[in-house]
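Quick note: residue numbers are just sequence positions, from 1. What you see is a predicted model, and the numbers here were worked out from it, not measured in a lab. In each ligand, atom 1 is the first atom listed, and ligand 1 is the first ligand listed.
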Amino acid sequence: ITKKGHCLMAKAKILVIEDEKDILDIIEFNLEKEGYKVKCVDSGEEGLKQAREKIPDIIILDLMLPGIDGLDVCKILKNDSKTRHIPVIILTAKSEEADIVTGLEIGADDYITKPFSPRVLLARVKAVIRKLSMSSNDSDVIKKKDLIIDKGRREVLYKGKKVDLTFTEFELLYLLSKRSGWVFTRNQIVQAIKGNGYPVTERAVDVQIVGLRKKLGDAGEMIETIRGVGYRFRD
Ligand code: CA
């Protein structure tokens with residue numbers, strides 16, 4: 001972990017928006033135990049106010065809220081230049097896959113399904129902080145174990161051997177691996193890689209993932225399917 005990441009991790013200010021007191025207490029207790037500065041609020045209205053005034057480092061947002069619901073809170077946060085950059089982790093019930101997809105598409109950065117263990121919560125928070133601290137050292141050559149993805153040369157090497165990919169397969173692999181650990185919905189993938197004259201539909205994404213995994217051999221396992229949601233390149 002980088003120095004910057006470590007420093008951010010220790011002092012991160014976290015805003016938690018959740019109306020269920022029991023869950024709020026558990027989250028607060030566990031985050032404070034790790035040394036984070038935690039502010040808890042029980043409505044979307046108050047959450048938005050706190051977000052604008054205090055600019056936290058991370059927001060944990062429940063989607064089921066009285067008043068303005070969580071998806072709308074997320075949308076407002078992501079449309080406001082003051083709060084747009086703040087990573088949002090949404091909390092949803094496991095059965096609400098559609099909400100997870102919608103949440104990710106309006107800009108949420110990660111999600112946790114209820115019920116969750118404190119261990120999972122902390123792991124997600126730490127992962128978001130780690131990603132925040134890493135996004136600054138962007139590179140056009142991505143190395144993941146034995147896999148090398150060279151954007152400039154549009155070349156992929158696995159264990160020193162060239163992997164022949166189509167244009168779209170390359171874009172797909174580059175997109176996922178550039179932000180490894182992040183979940184992309186099929187629609188986000190379509191949005192990101194279309195416009196090159198290649199027809200990409202949500203269905204086509206699945207087909208292309210299958211083809212891409214095949215060509216990558218063992219390395220194909222690094223592309224994870226998140227059921228009902230989309231795909232993620234494993235960290
Ligand atoms: Ca709730």
K.L.:
Are F29 and V38 connected, step by step, through hydrophobic side chains (Ile, Leu, Val, Met, Phe, Trp, Tyr) whose heavy atoms are closer than 4.5 Å?
P.N.:
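No, F29 does not connect to V38 through the hydrophobic network.
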
K.L.:
Less than 3.0 Å from the Ca ion (ligand 1) is the window; count the protein N, O or S atoms in it.
P.N.:
5

K.L.:
Within this structure, what is the CZ-CZ distance for the pair R179 and F233, rounded to the nearest 0.5 Å?
P.N.:
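So the gap between those two atoms works out to 15.0 Å.
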
K.L.:
Without hydrogens or angle criteria, can the side chains of S180 and K144 be said to hold a donor-acceptor pair below 3.5 Å?
P.N.:
yes

K.L.:
Are any non-hydrogen side-chain atoms of T92 and K114 less than 4.5 angstrom apart?
P.N.:
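Not in contact.
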
K.L.:
Are a donor atom and an acceptor atom from the side chains of T225 and R213 found within less than 3.5 Å of each other?
P.N.:
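Yes.
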
K.L.:
Check this for me: does any side-chain nitrogen of one of R154 and E171 sit under 4.0 Å from a carboxylate oxygen of the other?
P.N.:
yes

